Amino acid sequence: MEVLCAVPKLKCSHPNPRIPAKTPISPSLTVPLSQISLIKLKARLNSLQKTATPNELKTEVKEAAAIPTMSDILASSKAQNLDLQLQTRGPFFRITAKSLETDNELGRAEGLIRVWLKGRVLHLDSIRLKRETLGMERSIFGIGLFIGAVAVRYGYDCGCTTAELLAINDSDLYHTKLVRFYKRIGFKVVHEVTGSTMGDLAHMLIWGGIGTRMDANVEELLLKWCSRFIPQN
């Protein structure tokens, strides 16, 4: 069995559907998504014009310009010799990172777009890095960050406002490091799933284990890491 590690393997209770052949994502394929985002932005600004002050409108426009597009993320990843691919099937998605130098897979992320009472949620089942990447300086805040950025941007373009995950608790030491890593990215703790209460059963059925449930605002994540992906003048 191939060992995948560095970021938790998070299992979900729903069946994993067959995913079609890999289709490389490229700036050209993200144009429709960018257009959708632009339409949403225009509608949002038109709505704000009725109630917001000029300063609030300026802030809104400034923040929108600071959010990295999928094209920005892909261009930045290629500069790091990373090839990112996105596969989707209904609400499910998979993102794969390969080395442009060796064509070897370095990591992947899987999840789904979940519809909830408060809107759409980016549900991150897993972000995995292969053991061979652990010695690479860019592993966590390089490869892992690029994979996560594509997932978050995809969720943003699908209308998600919240991203959710479980920092699985396989060991105390590893779990502590994992929670620290996600907090640094921008996630916040919302619940400790210990398995000791009836309320934890639902979480365990969804995530397949115990650990720390964490959420983040999708737009805030993109703004937090915008300088990593948007070319600086």
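Just so it is clear, the values below take in all heavy atoms, side chains as well, and ignore hydrogens, waters and symmetry mates. Since this is a predicted model, take the numbers as computed values, not measurements.
If you check the side chains of Gln85 and Thr96, you find no donor sitting under 3.5 Å from an acceptor.
At least one side-chain heavy atom of Tyr154 sits less than 4.5 Å from a side-chain heavy atom of Ile113. Inter-residue side-chain proximity for Ile210 and Ile168 is flagged as unmet; no heavy-atom pair is nearer than 4.5 Å. A heavy-atom distance below 4.5 Å is found between the side chains of Trp225 and Ile185. Within the 4.5 Å cutoff, the side chain of Arg94 has no heavy atoms near those of the Arg89 side chain. Ile206 places a side-chain heavy atom less than 4.5 Å from the side chain of His123. Two residues are said to be in side-chain contact when any heavy atoms from C-beta on lie closer than 4.5 Å; Phe187 and Leu221 meet this criterion. Put simply, the side chain of Phe146 reaches to within 4.5 Å of the side chain of Gln80, judged on heavy atoms. Between Leu223 and Ile67 the shortest side-chain heavy-atom distance falls below 4.5 Å.
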Item to check | Criterion side-chain contact (heavy atoms from CB on, under 4.5 Å) on Phe93 and Leu122, from CA distance to verdict | outcome: CA-CA 10 Å; Phe93 67 85; Leu122 178 64; 3.7 Å; yes

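Evaluation of the side chain to side chain contact (heavy atoms under 4.5 Å, CB included) rule for Lys183 yields Val179, Val189, Met214 as partners, not counting sequence neighbours. With sequence neighbours excluded, the residues forming a side chain to side chain contact (heavy atoms under 4.5 Å, CB included) with Asp215 are Thr162, Glu164, Val190, Arg213, listed by chain and number.
The main-chain N or O of Cys158 is found under 3.5 Å from a side-chain atom of Arg120 such that the two form a donor-acceptor pair. Side-chain N or O atoms of Ser99 include one that pairs as donor or acceptor with a backbone N or O of Glu101 at under 3.5 Å. Checking side-chain atoms of Arg108 against main-chain N and O of Ile127 turns up no donor-acceptor pair under 3.5 Å.
Ile143 and Phe229 fall within the same hydrophobic cluster, where Ile, Leu, Val, Met, Phe, Trp and Tyr residues are linked whenever their side-chain heavy atoms come under 4.5 Å apart, directly or through other members.
Under the 4.5 angstrom side-chain criterion for Ile, Leu, Val, Met, Phe, Trp and Tyr, the cluster partners of Met198 are Leu201.
The heavy-atom pair separating Gly186 from Ala216 by the smallest distance is O-CB, 3.6 Å.
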